[in-house]
Every structure is written in structure tokens, then in C-alpha cells.
Trainee: 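Submitted below is the structure of interest, expressed as C-alpha cells.
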Amino acid sequence: MTEQLPYGVFSTGALHRHIGVAIGDQVLDLTSVVDEAALRSTTLNAFLALGRARWAEVRAEITELVADPANRQRIRPYLHPLSEVQMHLPFDVADYVDFYASEQHATNLGRMFRPGEPPLPPNWKHLPIGYHGRAGTVVPSGTAIVRPTGQRKAPDESSPTDGPTRRLDIEVELAFVVGTPSDLGTCIRTADFADHVFGVVLLNDWSARDLQSWEYVPLGPFLGKSFATSISQWVVPLAALEAARLPIGAQDPEPLDYLHDTENWGLDIDFEVQLNGQVVSRPRYRGMYWSPAQMLAHLTANGARLRTGDLFASGTVSGPGRDEVGSLIELTDAGRAPITLADGSTRAFLEDGDVVTIAATAPSPAGGRFGLGEVTGTILPAVPRRR
Ligand SMILES: O=C(O)/C=C/C(=O)CC(=O)CC(=O)O
Ligand SMILES: [Ca+2]
Ligand SMILES: [Mg+2]
């Protein structure tokens, strides 16, 4: 990830949480090598709040520091092997929003959750649908995920029961990290996207489908998704994604003016989903219907303010092919067509002990592709409810 210079927060046996950038298989501790007080913190928030001009200056300074062999001696004491550091949540998450921007995913889920109705709701092509999630349960990659317990009622059951979810699922998403805040009453234009958004993380929106389908009418996802949301440990700056930018696809009907977008924040980012070490899907971000600039414009269209550390996710990244969907409920046709793993076992949804790892790549300016890190989690058994 050398030219990408993703930011993270690490600790070692000797160092409490420090901000660093990943350089190959090492992390460069920025505390002592860059003259920026905001980098002497245990989270990225103060740095994120500095704004786009300062982000660029610091990036240029680090690039120069790393590129010039004359500096090798100077930075050596501040380089730590990634294998020897512990990574933490990179920033304090302010508000967390999850969108629903893949037409394929929305169509697939519409068919499964609302059979007999048109798969896309009537508003879907007019606005990027989203819901507010739970910022306090966003966890860094590697955090174990305890199977949630809650109310479940299958369509053929007459009343709900309380128990561990039987339909634990994943959602492969790209999420955008807000740096520059905005004032209450201000709407962010699509053209201002890169003034406010610092970078991206990979996100797994763990979902308990049985809790979700019973609870979500009419106010939307609640406990079925708020138990944990995992993000990757490294925040990749937008500045590292220039070579990944693409125009979004045609939008018909044409969105209202405030959603008009010519910024080309469609992204050539390819995901790979592993279940217990085996690749089960390869979703591609490039087909997403709504752009992240449109998501941000919509999120603030009522004058809601942005705070540093706000996180908004794209929604599940699913393409048209069976092998490019971002959730198990799609991959297994709502559990009716389980997949077979290399050890001969089958999965409709996740079992205790399962390990899900989502990785992604984007084009490198120098050619080839670079990794955006990964987001991984292991499922632990449900904890019996206290009475
Ligand atoms: O269609 C529904 O009722 C539910 C959809 C989801 O569960 C997906 C969601 O969280 C948004 C997304 O990730 O696309
Ligand atoms: Ca989601
Ligand atoms: Mg969640």
C-alpha cells in the first residue's frame, strides 16, 4: 500500500495508541516525523477535522519523507512491522448511516422481503434510500461478533420467540469517512463531496435476517443490524483513489437538481469475500446506482449537519451475477440453496466459529491494483439472556 498511505491507529507493547500510515508491511509512526499536532492523538478525528488543504499537505510531506532515501535513517526508528502492532478503531464514529445504493441488491432483497410487491419501492430511483444506524457498535476488523439474540418470527410461525438469530448474514459495503464538518442548515452539494469526505473503509454490516424481517415495518432496520458493524483498520484517503474514479451509470429518471452529479465518484473497487478461507463472492463497486456524492447531498438535503467522524456506507454491493452478490441471503436464495464449502459442510447463513473476511482492491496510479486492507470477524456463540 506504499503510495496509498492509508491512516490507522496502532499500539505496540511500548506505545499507547499512535497514528500511523501503512507503508508496505510496516507502519510509520507519524507522531514524531510530521509537524502536526493533530497527529499526536489516539484517534484520527482531530486530523480529519483539519480539512482538505491540510490533508493534502500532510500527504505530500509524508510522500516526500518516504520517497527520499536521504530520510531513511531518520524514519527508521519510527517504522514498526505490521505483524508486531495492534490496530484499533481508527476514528471515533460520530453518526453512522447506511444507504441502499445497489439496484441489484435492492431488487433481490425486495423480492425476498416483500414477495408479490414490485421489488424496487417507488422512491428508489428518485432518492438514495438510507437509515440511521448505531455509531457506538461500529467495531474494528478482528473484533469477534457474538451471535445476537432477539425476537424472531418466521412467516409460518404464529407468534414470535426470543432466541439467537438463525439467519446471521453479512453485507459487503464501502463506507465514507467525513472529515470536514458542516453547519446546521447547510446542504452539501455533490461538487463539494471531496471537501468533506476524507476517505474510505471497508465495512461489513452484519445482519440478523430473522430479527430484521420481523421488526423492520414500518420504521426500518433496528436491532437486526445494530449489534455490530465492522470496518477495516485503515482509512484509505480519497487522494489515493484518483485512478479508481469512474462516471456512474445512466440514471433514469433523471434525479432532481440537488442530486445532479458530474463528479465521477463511481469507483473501480473490487471486493473478495472469504468464508472460512474460501472465496464465495466477488462483488464489484462499479455498478452502484447512486454515487457517494449523491448520498452525501441527500444526507444533508434537509440541512442536517455533518460532524467529523460521521460514517456513511454505500449499502450492500451486489452485481447481477450470482458470484458477485454481497450477502449470503442473496448467495443462497434466502437459504433455499445453501453453498457447499471445501470441507463438505454447507451454509445457508453463518454458523458459530465461521470467519468472514472481506478484502478489496483498486487500481494503482502506477498500474496494477493495490489492496484497501480487509475487514474480518469470527462468529461467537450467542450469550444466554439473563433473567
Ligand atoms: O429491503 C430491505 O427491507 C432491507 C434491505 C437491507 O437489509 C439492506 C440494507 O441494510 C441496506 C444495504 O445494505 O443495501
Ligand atoms: Ca447494509
Ligand atoms: Mg450494522
Side-chain angles (χ1 to χ4, degrees), residues 93 95-125 127-135 137-139 145 148 150 152-153 155 165 167-176 200-232 269 271 273 281 283-285 287-292 294-295 298-299 311-320 324-335 349-350 356 358 360 375 377:
V93 182
D95 284 303
Y96 165 52
V97 164
D98 188 21
F99 283 95
Y100 191 39
S102 155
E103 183 172 358
Q104 280 79 23
H105 175 73
T107 303
N108 293 338
L109 275 258
R111 287 206 179 99
M112 291 187 268
F113 276 87
R114 294 169 287 279
E117 288 177 39
L120 285 185
N123 57 359
W124 198 91
K125 289 202 167 177
L127 53 85
I129 296 181
Y131 66 93
H132 282 98
R134 192 164 187 85
T137 53
V138 175
V139 297
I145 304 301
R152 320 149 301 182
K153 192 188 91 58
T165 177
R167 304 190 126 211
L168 185 55
D169 200 354
I170 61 167
E171 287 188 338
V172 175
E173 308 198 19
L174 188 69
F176 301 86
V200 304
V201 289
L202 311 182
L203 182 144
N204 185 350
D205 178 20
W206 304 98
S207 299
R209 299 298 181 191
D210 41 3
L211 277 59
Q212 180 187 353
S213 63
W214 170 232
E215 75 178 357
Y216 86 100
V217 178
L219 294 186
F222 190 42
L223 303 178
K225 286 169 178 282
S226 64
F227 57 94
T229 304
S230 301
I231 61 170
S232 51
I269 290 180
F271 293 88
V273 187
S281 186
R284 286 145 59 94
Y285 193 84
M288 296 295 272
Y289 188 88
W290 293 104
S291 79
Q294 292 175 315
M295 295 177 211
H298 189 64
L299 177 56
L311 178 68
F312 64 97
S314 60
T316 311
V317 181
S318 290
E324 49 186 26
V325 291
S327 67
L328 293 177
I329 196 171
E330 293 168 272
L331 194 62
T332 68
D333 191 17
F349 293 95
L350 296 173
V356 177
I358 300 166
V375 55

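As the structure lists them, so they are numbered: ligands from 1, and atoms in each ligand from 1.
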Trainee: In the protein, which heavy atom is nearest to atom 5 (C) of ligand 1, and how far is it?
Mentor: Y100 CE1, 3.5 Å

Trainee: Per the side chain to side chain donor-acceptor pair (under 3.5 Å) rule, which among T137, D98, D205 passes with K225?
Mentor: D205

Trainee: Check whether more than 12 heavy atoms from other residues, nucleotides or ligands sit under 6.0 Å from atom CZ of F113, and answer yes or no.
Mentor: yes

Trainee: Of all the atoms in ligand 1, which lie at a distance below 4.0 Å from a heavy atom belonging to G315?
Mentor: 12 (C), 13 (O), 14 (O)

Trainee: Looking only at heavy atoms, which two atoms of V317 and E173 are closest? And how far apart?
Mentor: CG2-CA, 4.1 Å

Trainee: Checking one value in my table: which N/O/S atom of D205 lies closest to the Ca ion (ligand 2)?
Mentor: OD2

Trainee: Charged N to carboxylate O below 4.0 Å: is that the case for E330 and R111?
Mentor: no

Trainee: Which one holds for R209 and ligand 1: side chain close, backbone close, both close, or neither close, with close meaning a heavy atom under 4.0 Å?
Mentor: side chain

Trainee: Testing the basics here: between W206 and A228, what is the closest heavy-atom pair and its distance to 0.1 Å?
Mentor: CD1-O, 3.4 Å

Trainee: Taking all non-hydrogen atoms of both residues into account, name the closest pair between M295 and P128 and its distance.
Mentor: CA-CG, 4.2 Å

Trainee: To check your reading of the model: name the closest protein heavy atom to atom 11 (C) of ligand 1, its residue, and the distance in Å.
Mentor: F99 O, 3.2 Å

Trainee: Which residue and non-hydrogen atom of the protein lie closest to atom 6 (C) of ligand 1, and at what distance in Å?
Mentor: Q212 NE2, 3.5 Å

Trainee: Show me which atoms of ligand 1 lie under 4.0 Å from any heavy atom of Y131.
Mentor: 10 (O)

Trainee: Take L109 and R209 through the side chain to side chain contact (heavy atoms under 4.5 Å, CB included) test and state the conclusion after the steps.
Mentor: CA-CA 11 Å; L109 275 258; R209 299 298 181 191; 4.0 Å; yes

Trainee: If you consider just the N/O/S atoms, which atom of E171 is the closest one to the Ca ion (ligand 2)?
Mentor: OE1

Trainee: What protein heavy atom sits nearest atom 10 (O) of ligand 1, and how far away is it?
Mentor: K225 NZ, 2.7 Å

Trainee: What is the nearest protein non-hydrogen atom to atom 14 (O) of ligand 1, stated with its residue, atom name and distance?
Mentor: T316 N, 3.0 Å

Trainee: Has the side chain of D169 got a donor or acceptor atom that lies under 3.5 Å from a matching backbone atom of S207?
Mentor: no

Trainee: With heavy atoms of L109 as the reference, note each atom of ligand 1 found under 4.0 Å away.
Mentor: 1 (O), 5 (C), 6 (C), 7 (O)

Trainee: Is it true that the side chains of D210 and T165 contain a donor and an acceptor less than 3.5 Å apart?
Mentor: yes

Trainee: Between OE2 of E173 and OD2 of D98, what angle is found at the Ca ion (ligand 2), rounded to 10 degrees?
Mentor: 100°

Trainee: Kindly confirm or rule out an N or O of E173 lying under 3.5 angstrom from an N or O of ligand 1.
Mentor: yes

Trainee: Under 4.0 Å from any heavy atom of H105, which atoms of ligand 1 are there?
Mentor: 8 (C), 12 (C), 14 (O)

Trainee: Can you list the atoms of ligand 1 that are under 4.0 Å from a heavy atom of D205?
Mentor: 10 (O)

Trainee: With distance as the sole test, does N204 use its side chain to make a donor-acceptor pair with the main-chain N or O of E171 at under 3.5 Å?
Mentor: yes

Trainee: Who's the nearest protein heavy-atom neighbour of atom 3 (O) of ligand 1, and how far?
Mentor: R114 NH1, 2.9 Å

